[in-house]
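Report on the following structure.
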Amino acid sequence: MSVDEKLKELGIQLPPPPQPAGSYTRAVRTGSLLFVAGQLPMAEGEIRFSGKVGKDLSIEEGQAAARLCALNALSVLQAEAGSLDQVAQIVRLGGFVCSGEGFTGQAQVVNGASELFAELLGEKGIHARLAIGCSELPLGAAVELEVIAALA
């Protein structure tokens, strides 16, 4: 089953690839690797999840933010590769979680993205990962993700 068919089966429509919010490009390819710039939980040009997880947002809201970041990253991957079927492997996922004082559930939050990649891409979606807590993110976002993918 193609990734497009899997998206349709799950009732997921990818958003248009977000435009960079600064002086950078949305992705850079070197060899077979595609480095996707940090993706925020944006939809229709607006941050959908802002604040600190563990203070302003629940873990579940943080997971939803991570999932939205992942959907944005997938839209960039699709635009750059021509098709998500060209993704040979999600190599690494970096997750940054704006965290309230004492919050240590960053890995649980980033699972919102990891689980989506695995659900859509199967073994190709299983990746190395890091999940870091931080005090602030651009535009007040609750989560930011970066993705490195190997293309076929």
Side-chain angles (χ1 to χ4, degrees), residues 1-50 53 57 59-99 104-134 136-139 141-152:
M1 175 183 299
S2 75
V3 179
D4 284 338
E5 291 169 337
K6 186 72 172 175
L7 284 165
K8 188 173 281 191
E9 178 184 284
L10 295 171
I12 298 172
Q13 185 172 6
L14 292 180
Q19 295 304 309
S23 299
Y24 59 92
T25 187
R26 67 184 182 188
V28 171
R29 184 172 182 170
T30 181
S32 66
L33 293 179
L34 185 66
F35 293 75
V36 177
Q39 297 297 308
L40 300 174
M42 294 190 81
E44 299 174 0
E46 296 181 11
I47 297 289
R48 298 294 184 193
F49 296 91
S50 60
V53 181
L57 300 169
I59 287 177
E60 293 77 18
E61 289 168 314
Q63 290 170 334
R67 182 180 171 93
L68 181 52
C69 294
L71 289 170
N72 286 328
L74 286 166
S75 72
V76 171
L77 280 168
Q78 180 173 295
E80 295 290 327
S83 167
L84 289 175
D85 292 317
Q86 292 299 308
V87 175
Q89 187 70 50
I90 301 294
V91 176
R92 182 175 177 274
L93 171 64
F96 303 87
V97 180
C98 186
S99 301
T104 60
Q106 291 83 9
Q108 290 174 278
V109 170
V110 179
N111 281 346
S114 294
E115 291 167 3
L116 176 65
F117 288 144
E119 185 175 22
L120 286 177
L121 301 169
E123 289 294 317
K124 296 176 183 180
I126 306 299
H127 49 268
R129 188 180 92 174
L130 90 126
I132 295 174
C134 58
E136 303 295 336
L137 285 169
L139 306 176
V143 176
E144 183 172 7
L145 298 180
E146 64 171 354
V147 176
I148 302 170
L151 302 180

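Throughout, numbering of the chain's residues begins at 1 and tracks the sequence.
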If every non-hydrogen atom of [X] is compared with every non-hydrogen atom of [Y], which pair is closest and at what distance?
X	Y	value
Val143	Ala65	CG2-CB, 3.8 Å
Leu137	Ala141	CB-O, 3.4 Å
Ala66	Leu145	O-CD1, 3.4 Å
Leu57	Ala142	CD1-CB, 3.4 Å
Pro15	Ser75	O-CB, 3.0 Å
Ser99	Val97	OG-O, 2.9 Å

| request: Please test Glu115 against Arg67 for side chain to side chain contact (heavy atoms under 4.5 Å, CB included), starting from the C-alpha separation and ending with a verdict. | output: CA-CA 8 Å; Glu115 291 167 3; Arg67 182 180 171 93; over 6 Å; no

Hey, what do you get for [atom1] ([X]) to [atom2] ([Y]), rounding to the nearest 0.5 Å?
X	Y	atom1	atom2	result
Leu120	Leu71	CG	CG	8.0 Å
Ile148	His127	CD1	NE2	11.5 Å
Glu144	Leu139	CD	CG	9.0 Å
Asp85	Ser2	CG	OG	5.0 Å
Leu116	Gln63	CG	CD	12.0 Å
Phe117	Ile126	CZ	CD1	11.0 Å

| task | Please say whether more than 12 non-hydrogen atoms of neighbouring residues, nucleotides or ligands are located less than 6.0 Å from CD in Gln13. | result |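 At most 12 heavy atoms, drawn from other residues, nucleotides or ligands, come within 6.0 Å of this atom.
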
| From CA spacing to verdict: side chain to side chain contact (heavy atoms under 4.5 Å, CB included), Val87, Val3 | CA-CA 10 Å; Val87 175; Val3 179; over 6 Å; no

Table please: side-chain donor-acceptor pairs of residues 32-48 below 3.5 Å, with sequence neighbours left out.
residue: Gln39; atom: NE2; partner: Ala37; partner atom: O; Å: 3.1
residue: Arg48; atom: NE; partner: Ala43; partner atom: O; Å: 3.4
residue: Arg48; atom: NH2; partner: Ala43; partner atom: O; Å: 3.1

| task | Check for a donor-acceptor pair, side chain of Ser114 on one end and backbone N or O of Asn111 on the other, with a separation under 3.5 Å. | result | no

| task | Check the pair Leu7 / Leu74 against side chain to side chain contact (heavy atoms under 4.5 Å, CB included), numbers first and verdict last. | result | CA-CA 11 Å; Leu7 284 165; Leu74 286 166; 5.6 Å; no

| query | Could you give all pairs that pass the salt bridge (charged side-chain N to carboxylate O under 4.0 Å, His left out) test and reach residues 16-40, with sequence neighbours left out? | reply |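 Residue pairs passing salt bridge (charged side-chain N to carboxylate O under 4.0 Å, His left out), neighbours aside: Arg26-Glu80.
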
| query | Does the side chain to side chain contact (heavy atoms under 4.5 Å, CB included) test come out yes or no for Val147 and Val76, once each step is laid out? | reply | CA-CA 10 Å; Val147 176; Val76 171; over 6 Å; no

| message | Run Lys6 and Glu119 through salt bridge (charged side-chain N to carboxylate O under 4.0 Å, His left out) and show every step you take. | response | CA-CA 9 Å; Lys6 186 72 172 175; Glu119 185 175 22; over 6 Å; no

| query | side chain to side chain donor-acceptor pair (under 3.5 Å) with Gln86: which residues, sequence neighbours excluded? | reply |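 Testing Gln86 for side chain to side chain donor-acceptor pair (under 3.5 Å), a comparison that skips the adjacent residues, returns none.
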
